[in-house]
J.: 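Below are the structure tokens for one structure; questions will follow.
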Amino acid sequence: MTRIRVTASRSYDVLIQPGLLDRAGEELRAVLPGARTAAVAADETVSALYGARLAASLEAAGFRTVSFSFPAGEGSKNLTTYAALLDFLGRNGLGRSDALVALGGGVTGDLAGFAAATYQRGMAFCQVPASLLAAVDSSVGGKTGIDLPTGKNQAGCFYQPSLVLCDPALLSSLPEREYRGGCAEVIKYGVLFDEAFFASLEETPVRDQLAAVIARCVALKRDTVAADEFDRGCRALLNLGHTLGHAVEKVSAYAVSHGEAVAIGMAVLARAAEKRGIAGAGTARRIEALLTRYGLPTATDLPREALAAAALRDKKNHGGRLDLILPESVGRCRIQPIPPEEFGDWLTDGGVV
Ligand code: GLY
């Protein structure tokens, strides 16, 4: 089993091992010896696949379990589901020392994490990622939240889990599109921090080295969170591809998935960075080629004006500036603040019309 210790305002382990789902109860019991009840939050699809196995493991470790499920998809990451989850916790008599377990992808982890952070001012929280994106990124680092009509993740807080239990075997049931989307986040880590890791993704498909890929991404994220838990500095690097990506998701009314949108965001900004002499020659081509190999898009025909307007409404437009994350080479990126009104020009340089 791989054990990665994350050091933050609450320190915790990320455990990675095939088959871990059936040992979730004993691992959670070791971390939360006094908890009586574990509430499991999962979308209906993931609940049907893995809910019973997780509940059986938790019950074998002495937890009373209750289950909250909701329709799958980004559309559930809203105030209505959040309120329903808080209400569910209250009606089932959970207390602060009980546990909320998020079984699922990024939507479930963000939503349940925000509920755990705010229910009785904070209850114990455990993440069991069931998507590649959640395994390599969103389950680690304590970002929680929900979407508002004005944009993604507009309400939320930092709240670290007590434990992350990653069973790579859960990811084998992923729909192909969701797997590909997770690969965009994996590629992101290579572009940001690790040329050798990027090269390994060029040589060996992610699914053929899944546990090792998850461990490498989690270790890179651990280092970033340890340096800047509250996202005031270098953690912004993890937004590579996300400023434009969130805009693509929003303008497409979420027809473009998160991972696809991040891929587009990385490719467009890499082309723009190369055109402006920030990225070395060939950087954009290499990033595009790997994204394409994983079946991900590298361009969009959504209108530039609408994308720029959506990006400027995004929360990363703060203090009168927009922080762009730009590759200098594969494995090295910079944070470049720009006046928000110039973002449209960057999109033009990246090939968005
Ligand atoms: N997913 C980006 C971050 O955790 O900062």
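One-based numbering, in listed order, for ligands and for the atoms of each.
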J.: In chain order, what residues pass the salt bridge (Lys or Arg N to Asp or Glu O under 4.0 Å) check against E176, with sequence neighbours excluded?
T.: R207

J.: So, are R286 and E195 salt-bridged, with charged N and O less than 4.0 Å apart?
T.: yes

J.: Using a cut-off of under 3.5 Å, which N/O atoms of ligand 1 pair up with protein N/O atoms, and what distance separates each pair?
T.:
residue, atom, partner, partner atom, Å
ligand 1, 1 (N), D137, OD2, 2.8
ligand 1, 4 (O), K221, NZ, 2.6
ligand 1, 4 (O), R235, NH2, 2.7
ligand 1, 5 (O), K143, NZ, 3.0
ligand 1, 5 (O), R235, NE, 2.7
ligand 1, 5 (O), R235, NH2, 3.4

J.: Please identify each residue that fulfils salt bridge (Lys or Arg N to Asp or Glu O under 4.0 Å) with D228, with sequence neighbours left out.
T.: none

J.: Does E274 come within less than 4.0 Å of R271, counting only side-chain N to carboxylate O?
T.: no

J.: Going by the rule salt bridge (Lys or Arg N to Asp or Glu O under 4.0 Å), which residues pair with D349 if we only count those two or more places apart in sequence or in a different chain?
T.: K275, R276

J.: Do R285 and E288 meet the salt-bridge criterion of a basic N to acidic O distance under 4.0 Å?
T.: yes

